[in-house]
Amino acid sequence: MYRPTLSALGLALALALATTAHAQQTGSVSPYTFERGYPTAKTSERARDDADLQRALVAYRFWYPTVSVEGIFDGNRALGIEDGKKWGIASTGPRQVGFTLNSDTPYGSAVLDLTDGPVVIDLPPGPFIGLVNDHNQGWVQDLGLPGPDAGKGGKHLVLPPGYDGKVPDGYHVGHSHSLKNLLAVRAMPVGGDVDKALDALRTIKIYRWSENGSQSAPLQVVDTTKNAMDSSSLRWEDNFQFWEELDKIIQQEALVPTFLPMYGLLSELGIEKGKAFKPDERMKALLTRAAKDGRDQMLVAAFDSKRPDRKNWPDRQWEWVGLVPGSAQFETPAGIDLDARDRWFAQAIVTSPAMFRRDPGAGSLYWLGARDAGGVYLDGGKNYTLTIPQPVPGKLFWSVTLYDSATRSQVKTDQDKAALRSLFELKDIDKTKPLILYFGPNAPKGNEGKWIKTAPGKGWFAYIRIYGPEAAAFDKSWKPGDFELVP
């Protein structure tokens, strides 16, 4: 597969944003004044501010996935789950804030700390879907059904950056660019048995490996199902703290060689490994503005894209969440698809080639619905219906999950529920006729079990997920209805 360097990504982002800034100028008249070929004092001041803002916008969008995954780490730490010592499992719901988390399957997540050497993930046989991403949400390896063990179990070894020691036989090996890594694994609730799936997660062993054959005690398992937690970057993403969090990561992590141009960009903004981050008031104001504007630009890519390839059905409002099929890093023959990268990380977390496949061999697929049949954004104060033709083309199960458009996390209401799932709420439906689902602030009389409550004054969007998708999910022979406004 073609793999352009990240320096190309940095240059492309810089050029894209510079073009945007130029387009904002009035007509073809330059905002800068030169006399005898030299800039005036006001021109120099403005040009420096403009250049630093552009650099900050480029840096923000590039490093957003890094700060986003730190939000996951920090959410675990807030519950006492220490890096490299414990890991968490949960059957999640609206109480767990995280970008497009779902309640279809129980999750497990761990910070794999490679500071003292490689780490082993000993995965038993079973219906697991997992991955390891580095601190920049770069793909390291897949585990379980989409991985090399194909659900048969196996030992997965994650190597730290620059590792040149012995690599043992019999392990599935992943090479990481960072010291801190995210393990994310889910256990399929076969037959709707969530407790059994949680117990399956408890059988996974995570421990440190060394060349002399010794291993540390496995990480302790902590069940956070009943805990409220925030594993997102929401509290940082639109303010100056974004840069403070990024600086902490830069100081702690190994340098990624292919990111050198982006480290250079950060150094212009005052963030450099081995040096204190002490921006003056001018730079602090520019960085604060860049965090707000950069976040907003990414949300436009997520929810108001004009790309024709975002739709699977031209006559439907449903869109693909991932716009680059089969690539973990949004790579195309022409380069890295920057718009697709922004779109994904604004609303979701982690990457893997298996997540973006569009063929019957894919583990799952994701469609985004943010508008009703008339093209209007979905409103938490209005009632809607959604028709799902039966049967849904999935070998395992499917679901519809609702998310708050501001938090990109499951909607929160007194119903404490955000999903309708074929393994649970919808397990006894008649599969010989279309299924009608209901969404809005008012419960539909007689159909309360097929309803998700929404909150007036808030926007929301939905994901359709199909696990084990079949050919009809990709060849357009099956298609869901749109959200229809109830008069």
Side-chain angles (χ1 to χ4, degrees), residues 1-24 53-69 99-100 133 136-139 233 237-238 242 258-259 261-262 265 290-314 316-353 355-358 365-371 375 377 403 405-406 408 459 461 463:
M1 179 183 290
Y2 172 74
R3 293 188 179 277
T5 66
L6 269 295
S7 58
L9 173 56
L11 178 59
L13 273 168
L15 291 174
L17 284 167
T19 301
T20 300
H22 177 74
Q24 293 172 345
L53 179 60
Q54 289 176 26
R55 291 184 182 110
L57 283 166
V58 171
Y60 179 92
R61 290 165 67 172
F62 178 82
W63 293 103
Y64 185 91
T66 304
V67 176
S68 178
V69 81
F99 292 163
T100 51
N133 272 191
N136 304 298
Q137 292 201 63
W139 177 68
S233 57
E237 69 173 6
D238 65 348
F242 175 92
T258 53
F259 286 12
M262 304 311 295
L265 198 64
K292 178 64 167 63
D293 290 356
R295 191 282 306 272
D296 291 351
Q297 290 171 3
M298 292 179 70
L299 290 179
V300 169
F303 300 125
D304 196 25
S305 174
K306 300 303 180 186
R307 292 173 52 146
D309 64 337
R310 74 189 188 281
K311 290 192 174 184
N312 192 43
W313 308 277
R316 292 290 188 272
Q317 298 292 339
W318 292 99
E319 303 178 358
W320 292 105
V321 182
L323 299 182
V324 182
S327 170
Q329 300 300 315
F330 315 97
E331 298 154 332
T332 76
I336 294 176
D337 190 327
L338 306 176
D339 183 66
R341 185 179 188 268
D342 283 352
R343 174 185 175 88
W344 177 261
F345 287 120
Q347 59 183 301
I349 52 173
V350 304
T351 62
S352 160
M355 296 174 65
F356 301 128
R357 288 179 61 180
R358 294 188 190 176
L365 64 75
Y366 311 82
W367 286 310
L368 160 73
R371 300 173 185 268
Y377 286 122
Y403 298 99
S405 54
R408 288 92 81 195
F461 64 94
Y463 274 12

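On a predicted model such as this, the values are computed, not experimentally measured, just so you know. Just the heavy atoms: all of them, side chains too, but no hydrogens, waters or symmetry mates, feed the values below.
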Minimal heavy-atom distance between S305 and D339, with the atoms involved, is OG-OD2, 4.2 Å
No-hydrogen, no-angle side-chain donor-acceptor test under 3.5 Å, E237 and Y64
yes
So, R310 side chain and L323 main chain: donor-acceptor pair closer than 3.5 Å or not? no
**Study point:** Sidechain-backbone polar pair: T351 side chain, A328 backbone, donor-acceptor under 3.5 Å
**Key:** yes
Output for pair (L368 CG, F303 CZ), nearest 0.5 Å, gives 6.5 Å
Tightest non-hydrogen contact, residues D342 and M298, listed as O-CE, 3.7 Å
Minimal heavy-atom distance between N133 and V350, with the atoms involved, is OD1-CA, 3.2 Å
* Assess the side chains of Y403 and R408: does a donor N or O sit below 3.5 Å from an acceptor N or O? => no
(request) Please assess R307 against D337 for the test salt bridge (Lys or Arg N to Asp or Glu O under 4.0 Å), listing each intermediate value before the final yes or no. (result) CA-CA 12 Å; R307 292 173 52 146; D337 190 327; 2.9 Å; yes
So CD of E331 and CD1 of I336: to nearest 0.5 Å the spacing works out to 6.0 Å
In sequence, state the C-alpha distance, the side-chain angles, and the governing distance for W63 and M262, and then conclude on side chain to side chain contact (heavy atoms under 4.5 Å, CB included). CA-CA 9 Å; W63 293 103; M262 304 311 295; 3.9 Å; yes
All heavy atoms of S68 vs all of I349, minimum pair found to be OG-CG2, 4.0 Å
All heavy atoms of A59 vs all of L265, minimum pair found to be N-CD2, 3.8 Å
Side chain to side chain contact (heavy atoms under 4.5 Å, CB included) filter on S405, not counting sequence neighbours, yields F461
TODO: For the pair R295 (side chain) and D238 (backbone), establish whether a donor and an acceptor sit closer than 3.5 Å, ignoring hydrogens and angles.
DONE: no
Q. Between F62 and F259, is the ring centre distance below 6.0 Å?
A. yes
Closest non-hydrogen atoms of L365 and W320, given as atom of the first, atom of the second and distance, are CB-CZ3, 4.5 Å
Ring of F330, cation from R341 - is the NZ or CZ under 6.0 Å from the centre and inside 45° of the axis?
no
Result for ring pair (Phe, Tyr, Trp, His ring centres under 6.0 Å) between W367 and one of W318, W313, Y463 points to W313
Requested in this report: Take R343 and E319 through the test salt bridge (Lys or Arg N to Asp or Glu O under 4.0 Å) and record every step on the way to the result.
Outcome: CA-CA 12 Å; R343 174 185 175 88; E319 303 178 358; 2.8 Å; yes
*Expected output: side-chain Q317 to main-chain R371 donor-acceptor under 3.5 Å*: no
For residues F356 and Y366, establish whether the separation of their ring centroids is below 6.0 Å. no
In this structure, CG of L57 is separated from NZ of K292 (nearest 0.5 Å) by 12.0 Å
- Is there side-chain contact between F99 and S233, with at least one heavy-atom pair below 4.5 Å? yes
d(R316 CZ, N312 CG) to nearest 0.5 Å is 11.0 Å
